[in-house]
Structures are given as structure tokens and as C-alpha cells.
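Contents: one structure, followed by commentary.
Note on naming: letters A, B, ... go to the chains in the order of the sequence lines (proteins, then strands), and numbering restarts at 1 for each one.
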Amino acid sequence: MKRRLASPSTLAGLLTLGLLGAWIASGPGCAVVEKTSDAMADATKGSSVEGIFRGTARLAESSRDYSTSEEHYIGRSVSVQILQRYKVHPDRNLQDYVNLVGKAVMAAPEVRKTFAGYRFIVIEGQELQGVSAPGGYVFISEGAVRRAKDEDELAALLAHEIAHVSLRHGIAAVKAATRQKSLALLAQGAGQVAGEVTSGDTKQLVELTSVFGDAIEDITSELLVTGYSRDLELEADLNAVKYLRSAGYSPDALKSYLAGIGQAGGQGGWGKTHPSAADRIEHIESEGAPKGSAPGRDVRKARFQKILGVK
Amino acid sequence: MVLSRSLGGAVLAGALGVAVVAYAAEVVKIVEREVAIRRDKRTYSPRLATAYETNDVTVLASEPPWLRVRFGNVEGWILESSVTSDPKAVFSGEASQGVRVTEQGAARRGFNPEVEAQYRKENPDLAAAFRTLEAIEKGWIYPDDRVIAFMEEGKITPPAEGGSR
């Protein structure tokens with residue numbers, strides 16, 4: 001039987017579509033996709049693949065994300081919502097120590113930097129809590145810190161939260177409806193310059209603030225009530241292990257931290273929002289994440305125990 | 001990072017299934033409030049200069065995730081995520097380093113300090129929490145030399161640095 005072959009133009013289209021899909025999946029940024037796809041559409045005008053490029057450009061435009069500075073302002077207000085619910089731990093030495101460990105993890109160049117840098121805030125409470133707001137505001141409960149056996153495990157805990165920020169998981173929680181409203185207002189304001197509010201702009205500012213409030217609500221709800229999806233949690237774990245290795249901490253510290261909270265019988269506050277420790281450990285192992293203990297772990301453990309008053 | 005790519009190279013790359021990323025001394029804008037231009041490709045490498053949001057830098061080379069850039073008369077390294085070439089990019093509009101917001105030509109209004117101020121006005125119950133956050137932002141500062149000393153004390157040596165920090 002004679003097999004019917006796809007035409008060369010169809011094959012070219014399929015090849016192009018596949019390459020574009022892989023390219024977008026690799027995360028080059030919507031603006032890059034939009035700009036280059038538009039240019040490619042112009043370059044291939046009249047050919048069978050022009051429509052594919054043109055469609056890709058429109059897809060990128062409709063899913064445009066919030067900018068680095070917008071992420072910062074969203075993150076500040078989400079953080080305020082968290083601070084409405086939890087108290088900042090009063091021990092400044094503990095806060096400084098946790099911040100320095102976080103800054104050390106950020107030596108990993110894979111960590112995406114934010115508009116105004118990362119901050120690590122220990123909140124009161126013995127439940128296991130870890131919440132990261134967009135823009136780099138990381139909240140960790142004292143209970144979660146104390147469950148670590150050494151500095152490398154604390155670094156692992158922070159690396160997981162840093163990964164959520166770096167991978168923009170919080171921003172991804174903004175619902176499609178909110179994004180569409182944001183885009184519409186941005187389009188209305190095209191050509192306007194920040195800082196110049198005239199009386200005619202007041203309505204737009206109020207509308208923009210309303211959408212801003214919606215975005216805060218979308219994210220806060222996901223962070224504090226429903227939690228991220230299992231896939232996002234596991235993605236944060238794998239990236240955390242990479243950060244640990246690049247920063248000079250022990251790559252296996254996340255697994256040992258998870259093993260510790262698993263053995264301790266339950267996960268308290270985390271139980272509602274995170275996959276089980278066993279599930280997370282299995283995923284880290286199945287993905288062949290880096291392993292091993294970094295030099296100097298005992299030195300860091302002694303420092304950890306001194307700061308936390310552990311004998 | 002949001003950088004445009006060499007179009008011809010990209011089309012060829014698409015045909016051959018290989019990645020080609022070429023930069024022809026492209027001028028891009030800083031997207032962070034402030035960014036250190038580093039001497040080496042290391043997060044805590046010595047700071048040669050400081051660039052601010054919307055400042056232009058010229059990309060000389062790319063070694064992901066690092067970019068070699070020229071800023072004024074200084075050449076050094078920054079991370080790709082610190083810049084954009086997107087002409088539709090939204091900036092904060094914050095005035096910095098004597099640059100008035102109205103002079104930041106590409107600034108379009110998105111979620112920015114004005115919107116946050118309006119949000120705070122509409123939600124007065126959040127005032128105390130905003131004050132707490134701002135006290136943390138202003139008071140909890142960890143300069144590079146303190147972080148480096150902390151890393152050295154803890155014998156933390158990123159493998160890529162080969163202990164040469």
C-alpha cells in the first residue's frame with residue numbers, strides 16, 4: 001500500500017511549530033517570543049508558516065507577564081497580608097543569621113534576582129510554615145527553622161522558597177481574568193508616563209488599583225489557603241537542590257530535612273499545602289538531582305547550634 | 001532576561017534545530033532598582049559600578065546566565081535577568097539617582113508606587129503591617145562584605161569559584 005506523505009510545506013510547518021513550542025517551553029520570555037515571532041512572520045510572508053509565526057506572536061502578547069518592578073509592588077502587598085496574620089520573630093540575631101544563610105544561597109547564579117533583593121523573615125509559631133511572596137519576600141516559621149538539624153538543612157529550606165520566587169510561582173497564581181484586566185488597562189495607558197497623574201487619569205488609577213487588589217487576593221489565597229500545585233512544589237525542590245550545589249551548600253540537605261520532618265510524624269501547617277515528604281524525596285531521587293555533602297558542614301552545624309541555642 | 005536575538009541566526013537555528021544566540025552590542029535597560037556591575041562572573045565578585053533601573057547598558061557578550069556589559073566607561077558582568085530589551089517594558093517610575101520619572105521615556109504605568117499608595121489609602125487597616133515591612137526593608141541590610149565574611153567563616157565555597165573568592 002502506498003503511504004501518503006505530508007507535503008514539504010506541511011512538514012516545514014510542523015517542524016516550525018515543534019521548534020517554537022520547545023523554544024517557548026524553555027522560557028525565553030514572552031517579549032522575546034512576541035518580537036521574534038512577529039519578525040519571523042514578516043520574513044516568511046506569503047509562505048505556509050507565516051500564520052504560525054503570527055499566531056505565536058499574538059499568543060505571547062496575550063500572556064504577557066508582570067514586570068520585575070510590578071512583581072515587587074505586588075510582593076510587598078502580599079507580604080503585608082502575611083504580616084497581618086503572623087508576627088515577626090523578635091530575635092534579631094536569628095533574623096540576621098537566617099538572612100545571611102539566604103544571601104549565601106543566592107550566590108548560586110541560577111537564582112533570578114528581583115527588583116529590590118530577597119528578604120528572609122522568621123515568623124513566630126512552631127508549625128512548619130514557609131511562604132514566599134513575589135519579589136523575594138520569604139517567610140519561614142521558627143518551627144520550620146528549628147526542625148533543621150544544621151545550617152545546610154536551613155539553607156535547603158530557604159532554597160526551596162527562593163526557587164518559588166525565582167521561578168515566579170507566586171506571580172503565576174494571578175488568575176487569567178485579573179491578567180486580562182491588567183493588560184487592558186496597560187493598553188489604555190500606553191504612552192502615559194508613570195508619575196504623571198492628571199485628573200483625567202484618576203479613574204484609571206482607581207481601576208488599576210482595583211485590579212492590583214485582585215492580584216493580591218489571587219496570590220494570597222493560593223499561598224495561604226490552597227497552596228501551590230504538586231508540580232510546582234516538586235519543581236521548586238529540584239531547583240533548590242541545584243542552588244545548594246552552586247552556592248556551596250550540601251545538595252543532599254533538602255532530602256535530609258524532608259526525611260526529618262517526615263519521621264517527626266506529620267507536617268503541621270505544611271500538610272495542607274505541600275506534597276508529602278516521602279513523595280518529595282522520591283521525586284528528588286528519581287530526577288537524579290545532585291547528591292552529597294559539601295565541605296565544612298560541621299563548621300556550619302556548630303554555628304547553627306550556637307545561634308539557635310541547640311546543644 | 002528579555003533580549004532580542006539575531007533574527008537571521010534564529011531562522012537558521014530553527015531550520016537546523018540548534019541554538020544560536022548572537023548579540024550585536026545591543027543596548028538594554030536595567031530592570032532592578034539597582035544592580036552591581038561585577039568584576040567577575042560571580043554573585044559576590046567585587047562591584048565595579050552600580051547601575052539603576054532604566055539605565056542603559058551595552059551587551060558585549062553572553063555566557064548564560066551572565067552577560068558581559070559596558071556601563072559608562074566600565075565593563076563587567078551582570079545576570080541576564082537584570083535587563084530587558086523589551087520596548088514595551090513596564091518600569092516602576094521610581095525616581096532614582098536624580099533622574100526624574102518623566103525622563104524615563106519607556107516608563108508606562110503598571111503596578112507601581114502610585115498604585116500601591118492608592119491601595120494603602122483604600123485599605124487603612126494595612127497601615128501597621130506596611131510599617132513593619134518598611135522597617136525590615138530599611139533596617140535589615142546585608143552588604144556584600146558581610147555576606148562574604150559569613151561565607152568564609154562557614155567555609156562555604158561555591159564549586160564554580162574554585163576557592164578563589
Side-chain angles (χ1 to χ4, degrees), chain A residues 16 19 29 31-32 35-36 39-40 43 66-70 72-74 76-77 79-80 83-84 88 95 99-100 103-104 106-110 112-116 119 121 151 182 186 189-190 192-197 205-206 208-209 212-213 215 245-249 295-296 299-300 303, chain B residues 1-5 7 10-11 14 17 31-33 41-44 53 65-66 79 81-82 84 86 88-95 101-102 104 107-116 118-119 122 126 129-130 132-133 136-137 140 142 146-147 150-151 153-160:
Chain A
T16 309
L19 288 167
V32 173
K35 193 173 169 182
T36 311
M40 284 179 166
Y66 295 107
S67 73
T68 305
S69 64
E70 288 178 294
H72 167 72
Y73 284 100
I74 290 170
R76 272 172 58 97
S77 287
S79 299
V80 162
L83 289 169
Q84 287 277 86
V88 176
Q95 299 286 3
N99 271 275
L100 286 165
K103 298 283 184 190
M106 288 176 56
E110 299 94 334
R112 183 181 61 85
K113 304 302 185 284
T114 57
F115 182 73
R119 285 177 177 82
I121 301 164
E151 182 174 309
S182 296
L186 195 61
Q192 288 184 335
V193 174
E196 288 184 335
V197 181
L205 178 62
V206 170
L208 202 49
T209 305
F212 182 73
R245 182 185 58 180
S246 294
Y249 278 111
V299 174
R300 296 188 292 278
R303 175 163 72 178
Chain B
M1 176 188 63
V2 182
L3 284 176
S4 61
R5 301 168 184 217
L7 185 58
V11 171
V31 296
E32 295 172 35
R33 182 177 280 153
K41 291 175 287 178
R42 280 186 287 115
T43 302
Y44 296 113
E53 188 193 18
W66 295 96
L79 287 166
S81 58
S82 301
T84 182
D86 181 3
K88 295 178 182 173
V90 175
F91 296 101
S92 73
E94 288 182 5
V101 288
T102 50
Q104 297 173 358
R108 294 192 304 154
R109 192 183 304 153
F111 295 157
N112 61 20
E114 292 168 340
V115 174
E116 185 189 279
Q118 180 70 19
Y119 180 71
E122 293 175 8
L126 301 178
F130 265 111
T132 301
L133 185 69
I136 290 169
E137 287 179 326
W140 299 11
Y142 305 93
R146 189 171 176 192
V147 178
F150 180 82
M151 292 170 70
E153 181 194 68
K155 301 193 182 303
I156 304 166
T157 305

Report which part of A:Val299 has an atom under 4.5 Å of a heavy atom belonging to chain B: side chain, backbone, both, or neither.
side chain
Qualifying residues under side-chain contact (heavy atoms from CB on, under 4.5 Å), relative to B:Val115, sequence neighbours excluded:
A:Leu205, A:Leu208, A:Thr209, A:Phe212, B:Phe111, B:Asn112
Given that the side chain runs from C-beta out, which part of A:Thr114 has a heavy atom under 4.5 Å from chain B: side chain, backbone, both or neither?
backbone
Among A:Pro109, A:Pro295, A:Ala215, which residue forms the greatest number of heavy-atom pairs with chain B at distances under 4.5 Å?
A:Pro109
Between A:Ile74 and chain B, with a heavy-atom cut-off of 4.5 Å, which part of the residue counts as in contact: side chain, backbone, both or neither?
side chain
Is there side-chain contact between A:Tyr73 and B:Pro113, with heavy atoms separated by less than 4.5 Å?
yes
Approximate separation, where rounding is to 0.5 Å, of B:Glu53 CD and A:Ser67 OG
8.0 Å
Part of A:Arg119 within contact of chain B (heavy atom distance under 4.5 Å):
side chain
Any side-chain heavy atom of A:Lys103 sitting closer than 4.5 Å to one from B:Arg146?
no
Residues at least two apart in sequence or cross-chain that pass salt bridge (charged side-chain N to carboxylate O under 4.0 Å, His left out) with A:Glu110, listed by chain then number, are none
dist A:Arg300:CZ -> B:Met151:CE (nearest 0.5 Å) comes out at 10.0 Å
Which atoms of B:Glu153 come close to chain A, meaning under 4.5 Å heavy atom to heavy atom: side chain ones, backbone ones, both, or neither?
both
Looking only at heavy atoms and a cut-off of under 4.5 Å, which of A:Met106, A:Lys113, A:Arg303 has the most pairs with chain B?
A:Arg303
Gap separating the CG atom of A:Leu100 from the CD1 atom of B:Ile156, nearest 0.5 angstrom:
9.5 Å
dist A:Arg76:CZ -> B:Tyr119:OH (nearest 0.5 Å) comes out at 12.0 Å
Against chain B, label A:Ala104 side chain, backbone, both or neither, depending on which of its atoms sit under 4.5 Å from a heavy atom there.
both
Roughly how far, to the nearest 0.5 Å, is the CG atom of B:Leu133 from the CG atom of A:Leu83?
6.0 Å
If one checks every heavy atom of B:Leu126 against chain A at 4.5 Å, the contacting part turns out to be both
Checking heavy atoms, do the side chain of A:Gln95, its backbone, both or neither come under 4.5 Å from chain B?
both
